[in-house]
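Each chain gets a letter, A, B and so on, in the order its sequence line appears, and its residues count up from 1. Atoms considered below: every heavy atom in the structure, side chains included; atoms not considered: hydrogens, waters and symmetry mates.
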There are 2 protein chains.
Amino acid sequence: MLLSKSCEYAIQAVLTIARKSDGDYLPVRKIADETGISYHFLGKILQTLTKAGILNSYKGPNGGVALVRSAAETTLLDIVAAVDGLGFAQRCALGLPKCSDESQCALHEDWGKICKNMSQMLESRSILDLISFYK
Amino acid sequence: MLLSKSCEYAIQAVLTIARKSDGDYLPVRKIADETGISYHFLGKILQTLTKAGILNSYKGPNGGVALVRSAAETTLLDIVAAVDGLGFAQRCALGLPKCSDESQCALHEDWGKICKNMSQMLESRSILDLISFYK
DNA sequence: AGCATTTAAGACTCTTTTGTCTTAAATGTA
DNA sequence: TACATTTAAGACAAAAGAGTCTTAAATGCT
């Protein structure tokens, strides 16, 4: 699969934050209930997003997490980069260690195009795009 | 990553078989030495390919494995299907359980195209294509 | 000050993938 | 028949990913 489970959860969580929050912090508990993702596991994932500068977090009553930038300025690629890294677009499709732009494997060119498509898709889709899709 | 390690190894092994074999069976030992893949692990993977009807195997002296069909008639998709299955092309990119052709997620259309590209690439590339690439 | 709420952090478990090792079964050859 | 070669199969170990649980730290409210 393209994205790890953690990364899928991260995207679902950010989608929920963008949909549910009205400028205030949204508690992780609420996000977990909304998405069905395990509360504690989700907590870890959101910590990663906080460290990556995608979310702000605040402790205590009325605390929770919130987007740092607007939903329009946060892209799927930001989230994927933070959680899974961008290795998916660099790896040789056949896992050949010698494969590089200089010494290409037989799939290199085609695979490169596909990776570029994926990256562009992830980069061109903001969180706002995704949530407005459902309205 | 798109393909599992086992699947990458399977492709590398089949490539080696097509390159090295002259109609005879090629011992797994030779393939392991040639590719650097662990002998025992490779053995398991090749068993899978044998059960899937991609390879023939023969025990005893002068035994080993060989392609069932010609290198021109064996595609990458055959190998991927046997080792990893074809789930990669069906799963929702965001892991949403409700996502389907009827109830699409925001990436459904784009992701579908990318998956189709990948499938077509894997299906259109025969083992012969890959080995002739290097000549 | 004390309490309830909420994130942070780390230990721990479970599962899957990856990899190793040993033994069994098949087969050609002397 | 005995032996060497080679795949088949299954037990086992190691590593990574996924998920759970407990405790600590921060913060608002009374």
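Between A/N56 atom CG and C/dA8 atom P there is a gap of 10 Å when expressed in whole angstrom units. When rounded to the nearest whole Å, the span between NZ of A/K5 and P of D/dA16 equals 21 Å. B/L46 places its CG atom 13 Å from the P atom of D/dA9, with the value rounded to the nearest Å. Distance A/L26 CG to C/dT5 P: 17 Å, rounded to the nearest Å. The interatomic distance linking B/Y39 (OH) with D/dA8 (P) rounds to 10 Å, in whole Å. Following rounding to the nearest Å, B/D84 (CG) and C/dT16 (P) show an atom-to-atom distance of 16 Å. If you take CZ of A/F41 and P of D/dT22, they are 18 Å apart, rounded to a whole angstrom. As a whole-Å value, the separation of B/H40 NE2 from C/dC21 P is 8 Å.
Look at A/S6 and you won't find any side-chain N or O under 4.0 angstrom from OP1 or OP2 of D/dG17. Side-chain nitrogen and oxygen atoms of B/Q47 include at least one within less than 4.0 Å of the OP1 or OP2 phosphate oxygen of D/dA9. At C/dG28, one or more side-chain N or O atoms of B/Y58 fall inside 4.0 Å of OP1 or OP2 (strictly under the cut-off). Side-chain N/O atoms of B/S57 include one lying less than 4.0 angstrom from OP1 or OP2 on D/dA8. For the OP1/OP2 pair of D/dT20 and a distance below 4.0 Å, the side-chain nitrogens and oxygens of A/S38 include at least one atom meeting the criterion.
Between B/A66 and B/D24 the shortest heavy-atom distance is CB-O, 4.2 Å.
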Quiz prompt | Pair A/I54-A/V68, side chain to side chain contact (heavy atoms under 4.5 Å, CB included): steps then yes or no | solution = CA-CA 6 Å; A/I54 294 170; A/V68 170; 5.9 Å; no
Self-check item: Steps toward side chain to side chain contact (heavy atoms under 4.5 Å, CB included) verdict (B/L3, B/V80)
Solution: CA-CA 8 Å; B/L3 304 176; B/V80 174; 3.9 Å; yes
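Ion pairing between B/E8 and A/R91 holds under the 4.0 Å rule for side-chain N and carboxylate O.
Distances from the side chain of B/P61 to the nucleotides D/dT27, D/dA18, C/dT27 place C/dT27 closest.
At a threshold of 4.0 angstrom between heavy atoms, the contacts of B/K51 are confined to the sugar-phosphate backbone, with no base atom among them.
Taking the six-membered ring for Trp and thresholds of 30 and 60 degrees, A/Y58 and A/Y25 have nearly parallel ring planes, at less than 30 degrees apart.
A residue-by-residue look at A/K44 and A/N62 shows that A/N62 has its nearest nucleotide of DNA chain C further toward the 5' end.
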